[in-house]
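What follows is a short report on a single structure.
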Amino acid sequence: MMLTIDETRYQDAHQRDCARVAALLSDGALHSRPNVADALQMTSTTTSRVVADLLDRGLLIGEAGEKSGRGRPAAKIALNPGRLGATIIHISSRSLLGVLVDLSGKVIERRSIDIPVESDGAYMAAAMRRLVVTLVGQCTPGMHHIGTSVSVSGVVNVRERKWLITSRWPNIRNLDLGAALAPVTPVVIVCRHLDAELNARTLNDTAHAHDNTLLLHWGWGIGLAYGVDGEPFMRAGEPFGEIGHWRFNLLEQRQCGCGNHGCLETAAALWALLPQLRELWPDLSEDEELVAGQLAELQLADLPEITTALSLMARSLANVCRLLFPKRIIVTGPFIANRDLWDAFETAFHAEGVMGGLELPVLVADKSSEDYAILGAVRPLLNLGLETFIRS
Ligand SMILES: [Zn+2]
């Protein structure tokens, strides 16, 4: 994984050089000292001093390379990914998935805990602490644990690290994740699952990295993330993209988990449609990945409740386009795994249009990616951990 540093955050020139070398070596390859000096335009004396310091602190590992032309050993160096570790808590349907990764983003350990639907904030906080303690216990020898990134679905205030509402656990409101995890981890970062996933997708897809991209998740809940040039559109960390709670007159008799009536989710989210769909197919799972496989095989597109959901979703998405004008929209979630439903959704979206002759954005159906969500959640934590380590 490529780490990024903010050079302006280092007043000490030596520390700044250490950070630059570590970021360069985070490509995972072996480098020679002259190659590092060249790439960063540092003198050989400075490079040697920085490399010696980082070797000493265990952040780099050295490997004796081939003899150079003049017969001197040209040792190669690489980043030691095992020096720093980070934990991530990710929400996966109605369970917590905990992951321990090293500095290269490689997964060292995974654990999961099921959280019953009736759980409250205290129960959730205790389970998260248990998960972090277990994972930290799996750190390899010499690994320093830098902190925990919590990636949540639902409505979240990232800046205040508060999980406001989640449709999976209706009794959890305003959970202070920073305070909940402070006893067991040095740093807590909170992110929106969809922001993390979109960020990692954009960084890994260089062809579209500069497109304004919208990620719409149509699943248990409904929400979206928006990235401009690979960066989240909303940087202030307040809630964003909760189109699942846009309200419609047509739905005003229906109660939503957020406390309002008439939200889009009451007609189109999996939590609202599942009871009706189970009258026809009682075995449908509430796990998004499992139900995606089940829905793919069913005759869904003609059901009246699905037709309503589909037209409301298409209109909502077209309205979002008239606000944000994305170039590309990635749609994820279990419903669109059904081919007929996806075709009908695309047709309804195209029929909506954007405005006048304006070109419609490209619509792409994809699976939700746990790997992307974890990568996107851990990257800012690793960048921060590297900075803290170098400044300490
Ligand atoms: Zn609502």
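Note that ligands are numbered from 1 as they come in the structure, with each ligand's atoms numbered from 1 the same way.
- Within a 6.0 Å sphere centred on CD of E118, other residues, nucleotides and ligands contribute more than 12 heavy atoms.
- Within a 6.0 Å radius of CD in Q138, other residues, nucleotides and ligands contribute more than 12 heavy atoms.
- Annotation: protein N, O or S atoms under 2.8 Å of the Zn ion (ligand 1) (waters excluded) comprise H245 ND1, C256 SG, C258 SG, C263 SG.
- Ring pair F345/W218: centre-to-centre distance below 6.0 Å.
- Evaluated for a side chain to side chain donor-acceptor pair (under 3.5 Å) with T332, the options K367, R201, E197, H217 yield exactly one hit, H217.
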Just list the side-chain donor-acceptor pairs under 3.5 Å for residues 80-90, sequence neighbours left out, or say none.
residue: N80; atom: OD1; partner: G82; partner atom: N; Å: 3.2
residue: N80; atom: ND2; partner: G58; partner atom: O; Å: 2.9
residue: R83; atom: NE; partner: R57; partner atom: O; Å: 2.8
residue: R83; atom: NH1; partner: G142; partner atom: O; Å: 2.9
residue: T87; atom: OG1; partner: H145; partner atom: NE2; Å: 2.8
residue: T87; atom: OG1; partner: G147; partner atom: O; Å: 3.1
residue: T87; atom: OG1; partner: T148; partner atom: OG1; Å: 2.7

Next on the checklist: Let's go through D102 and S104 carefully: what are the C-alpha distance in whole Å and the side-chain angles of both, what is the deciding distance for side chain to side chain donor-acceptor pair (under 3.5 Å) to 0.1 Å, and is it a yes or a no?
Outcome noted: CA-CA 5 Å; D102 69 11; S104 71; 2.7 Å; yes
